[in-house]
Number of protein chains: 2
Amino acid sequence: MSARDKAISSTLGYALLGLLAREERSGYDLTQALKNPVGYFWFAQHSQVYPELARLETAGLVAHTLIEQADRPDKKVYRLTDMGRAALSAWLNADTELPRKRDELVLKAYSIWLADPAAAARMMREHAQTHAAHLAEFQSGLSNLEGEAGAALWQPDSPWFGVHAVLRRGIGYEREYSEWCEWLAQCLEGTEKGSP
Amino acid sequence: MSARDKAISSTLGYALLGLLAREERSGYDLTQALKNPVGYFWFAQHSQVYPELARLETAGLVAHTLIEQADRPDKKVYRLTDMGRAALSAWLNADTELPRKRDELVLKAYSIWLADPAAAARMMREHAQTHAAHLAEFQSGLSNLEGEAGAALWQPDSPWFGVHAVLRRGIGYEREYSEWCEWLAQCLEGTEKGSP
DNA sequence: CCATTCATGTAATCGGTTACATGATTCT
DNA sequence: AGAATCATGTAACCGATTACATGAATGG
């Protein structure tokens, strides 16, 4: 009844809690995790992570232990508290609003009729390749996971299942995006048949 | 050499220029357009649109005419200037950075192993339906466009082609999203076989 | 009668990015 | 010699959301 009434944290807070639910980590580790495929759908800089961790600790959702290190800087290793676990659970059950998409490339596509078709096609091919590369990364990530996790990959109460679900989303997203770029490039090139 | 050196506008500015390249509009109309499928990949509130239009006008990229109306509030109808068209063109040719994705539902999927599977499955089914509804909207939008635009739909120098490209992206995006939600729901339900 | 549409703005706030700041160790 | 990794913070800024503000006409 004390801290549960007001939704203490921003979405970033829950991203951090979700990572800490798996294992203890420092602010630095958390920031790294948000760069990897797993945190691919919620990015943050370290300058956002450290203050957020402080807020979560004030709210009693996480706690830290200072680890003194000889040849490296000391670090604060954070862990989830029982209240933190409860807050995470409550967030999972709450309604989720649709994200507002903002994609500059799609916005450019809307005005692409004003551009030089050949140059635009080249641009789209580049983006197709970028997304194809991301796709390949996710796919190899899933392969590795199969080796590591085995059957746990398909068990909804296993932490591996969470990674699995996110990777699947990444694979679908990048595949679709890459194909769209390719399709657009082909449309644009269709016009320029006679060029040498 | 006067206004081209510094990239005057934010991405929102180019979104507005892209709309005005097709036809003259008021700030109100522009805000509405950003709610429709066409502006689906770059949303903005009117409180952002009006100041941005003022900035664009100061920079000489748009100009407005005041239209006095009898039974409705007067309005300012904006049009693209030559400088505005040039700025739009330059933006189209410039490099496009990848958007940082932020999707709360995918973030929840990462922690879904902590949730009740049945409740989580229900949640995912709901989202699958939402995205399926968006998909249907985009598909009917494309059908309507075929009727309106005909062959121009496939001509890269036609404004219809821009709409076409964005709708295709919307269709692919929503289909993939909806299918992922369905897949997840089925995985989660797979566990709960024995429940009455 | 009340909500919605048309129409344009301003102000407060907040989440996120970029830049500032420090410093030891290890790799190239 | 210089860059990268580990490690933690603060400060300035900017883009975006929510709320404040006004007001006539139309539709349910």
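Since the structure is predicted, the reported quantities are computational estimates derived from the model, not experimental observations. In what follows, every heavy atom counts, from backbone to side chain, and hydrogens, waters and symmetry copies are set aside. All chains are named by letter (A, B, ...) in the order of the sequence lines, taking the proteins before the strands, and each is independently numbered beginning at 1.
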Between A/Ala70 and A/Gln45, whichever has its closest DNA chain C nucleotide further toward 5' is A/Gln45
Tell me which of B/Asp29 and B/Glu97 sits closer to the 5' end of DNA chain C, going by the nucleotide each one is nearest to.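 Looking at the nearest nucleotide for each, B/Asp29 comes out on the 5' side.
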Given [options], the nucleotide with the shortest approach to the side chain of [X]:
X	options	value
A/Phe43	D/dT26, D/dG15, C/dT17	C/dT17
A/Tyr50	D/dA7, C/dG9, D/dT18	D/dA7
B/Ser26	C/dT8, D/dT18, C/dG16	C/dT8
A/Lys76	D/dT10, D/dG9, C/dG16	D/dG9
A/Tyr78	C/dA7, C/dG16, D/dG9	D/dG9
B/Gln69	D/dA7, D/dT17, C/dA7	C/dA7

Whole-Å distance separating the [atom1] atom of [X] from the [atom2] atom of [N]:
X	N	atom1	atom2	result
B/Leu12	D/dA16	CG	C1'	10 Å
B/Ile67	C/dA7	CD1	C1'	13 Å
B/Lys35	C/dA7	NZ	P	13 Å
A/Lys75	D/dT5	NZ	P	16 Å
A/Glu52	D/dG9	CD	C1'	15 Å
B/Leu66	C/dA7	CG	P	12 Å
A/Glu104	D/dA16	CD	C1'	16 Å
A/Leu16	D/dT8	CG	P	13 Å

Stepwise, does the salt bridge (Lys or Arg N to Asp or Glu O under 4.0 Å) test hold for A/Arg175 with B/Glu176? CA-CA 9 Å; A/Arg175 177 180 291 134; B/Glu176 191 279 322; over 6 Å; no
Would you say [X] places a side-chain N or O within less than 4.0 Å of OP1 or OP2 belonging to [N]?
X	N	answer
B/Gln48	D/dG15	no
B/Arg100	C/dT17	yes
B/Tyr28	C/dT8	no
B/Arg102	C/dG16	yes

Could you walk me through whether A/His164 and A/Trp154 pass ring pair (Phe, Tyr, Trp, His ring centres under 6.0 Å), step by step? CA-CA 8 Å; A/His164 183 190; A/Trp154 298 92; 4.7 Å; yes
Count the heavy atoms belonging to other residues, nucleotides or ligands that lie under 6.0 Å from CD of A/Gln69, then report whether that count exceeds 12.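 More than 12 within 6.0 Å, yes.
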May I ask you to check whether over 12 heavy atoms, not counting those of A/Asp82, lie within 6.0 Å of atom CG? no
Is the distance between the ring centroids of B/His134 and B/Tyr40 under 6.0 Å?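 Judged by ring-centre distance (under 6.0 Å), B/His134 and B/Tyr40 do meet the cut-off.
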Heavy-atom nearest nucleotide on DNA chain D taken for A/His46 and for B/Arg72; more 5' hit belongs to A/His46
Donor-acceptor pair under 3.5 Å, B/Ser47 side chain vs D/dT18 base: yes
Full working for ring pair (Phe, Tyr, Trp, His ring centres under 6.0 Å) between A/Tyr14 and A/Trp91: CA-CA 8 Å; A/Tyr14 295 111; A/Trp91 169 70; 4.9 Å; yes
